[in-house]
Amino acid sequence: MIRALFVAAVALALCGTAHAAGAPVVVIDPGHDLRANAETEPIGPGSATRKIKDGGGTHGVLTGIREADLVLGVSLRLRALLRRAGVRVVMTRTTTASTSMGNIARARIANRAGAALLLRVHADGHASADVRGTHTLVPEARSGWTDDVYRPSRRAAGLVQTELVRALGFPDRGISERSDFTGFNWADVPVILVELGFMTNPVEDRRLARGEVRQRAALGLCRGTLRFVGVAPSRCGV
Ligand SMILES: [Zn+2]
């Protein structure tokens with residue numbers, strides 16, 4: 001009996017390993033870090049245009065919560081959901097403790113991982129406290145930089161934005177293309193950047209501070225990601 005159980009356990013372990021090896025890899029990139037990074041880097045391969053590595057992100061107008069902490073919280077919840085659904089997850093960071101690594105480094109982590117998707121998680125800020133809503137950004141198609149990842153990135157953005165808006169209930173600001181994002185132009189894998197909501201809007205700041213709302217955001221991101229990689233979104237749970 002013990003021997004039979006042992007054999008069954010080994011078989012299960014082997015089966016689990018084989019499954020994980022064939023599973024898609026998703027790289028989650030929680031935006032920013034503890035400190036901004038004023039060093040510059042070229043916005044795309046071979047470009048003479050340089051931008052700073054990280055301006056540091058925004059913060060909650062009421063709560064004072066740092067964007068870096070909010071997006072890491074959502075990203076860790078998302079990691080748990082995706083892993084449970086059988087997706088292999090690589091994180092660009094798991095703490096908010098350092099100077100931000102910059103966007104070429106973030107893209108290279110996804111390139112090296114052969115990611116099915118690089119999912120960049122951010123929250124927005126605006127000079128006007130009235131501006132609010134959920135927004136997803138994708139690379140503009142540019143020959144030699146992003147033409148190879150443009151179409152799958154658009155498809156991923158559509159799926160994730162729809163699920164995220166449904167999960168959070170914030171206004172839908174749609175999808176925008178950007179040609180000037182270093183983290184897009186260096187990516188050799190499909191890439192999107194979600195702006196969960198506006199931390200400069202009191203309603204969205206207060207809601208995004210709640211664990212239950214962060215879990216809903218993670219669930220929306222999980223469902224959109226699973227749709228993109230061809231796994232049933234129900235595997236994120238309810
Ligand atoms: Zn940000």
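This chain uses plain numbering: 1 for the first residue, then up along the sequence. All ligand and atom numbering here is 1-based and tracks the order in the structure. The basis for the numbers below is simple: all heavy atoms, side chains too, and nothing from hydrogens, waters or symmetry mates.
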Asks: What's the atom name of the N, O or S in E67 nearest to the Zn ion (ligand 1)?
Replies: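 Result: OE2.
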Asks: Quick check on salt bridge (charged side-chain N to carboxylate O under 4.0 Å, His left out): which of K53, R50, K51 does E39 satisfy it with?
Replies: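 Among the candidates, only K53 passes.
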Asks: According to a 4.5 Å side-chain heavy-atom criterion applied to Ile, Leu, Val, Met, Phe, Trp and Tyr, with indirect links allowed, do L82 and V191 form part of one hydrophobic cluster?
Replies: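 Looking at the clustering, V191 is in a separate group from L82.
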Asks: If you consider just the N/O/S atoms, which atom of H122 is the closest one to the Zn ion (ligand 1)?
Replies: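 H122's closest N, O or S atom to the Zn ion (ligand 1) is named ND1.
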Asks: For the side chain of N185 and the backbone of P45, is there at least one donor-acceptor N/O pair under 3.5 Å apart?
Replies: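 Side chain of N185 to backbone of P45: no pair is present.
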Asks: Give the name of the N/O/S atom in H32 that lies closest to the Zn ion (ligand 1).
Replies: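 Closest to the Zn ion (ligand 1) among those atoms: NE2.
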Asks: State whether the number of non-hydrogen atoms from other residues, nucleotides or ligands found under 6.0 Å of R83 atom CZ is greater than 12.
Replies: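 Result for CZ/R83: enclosed.
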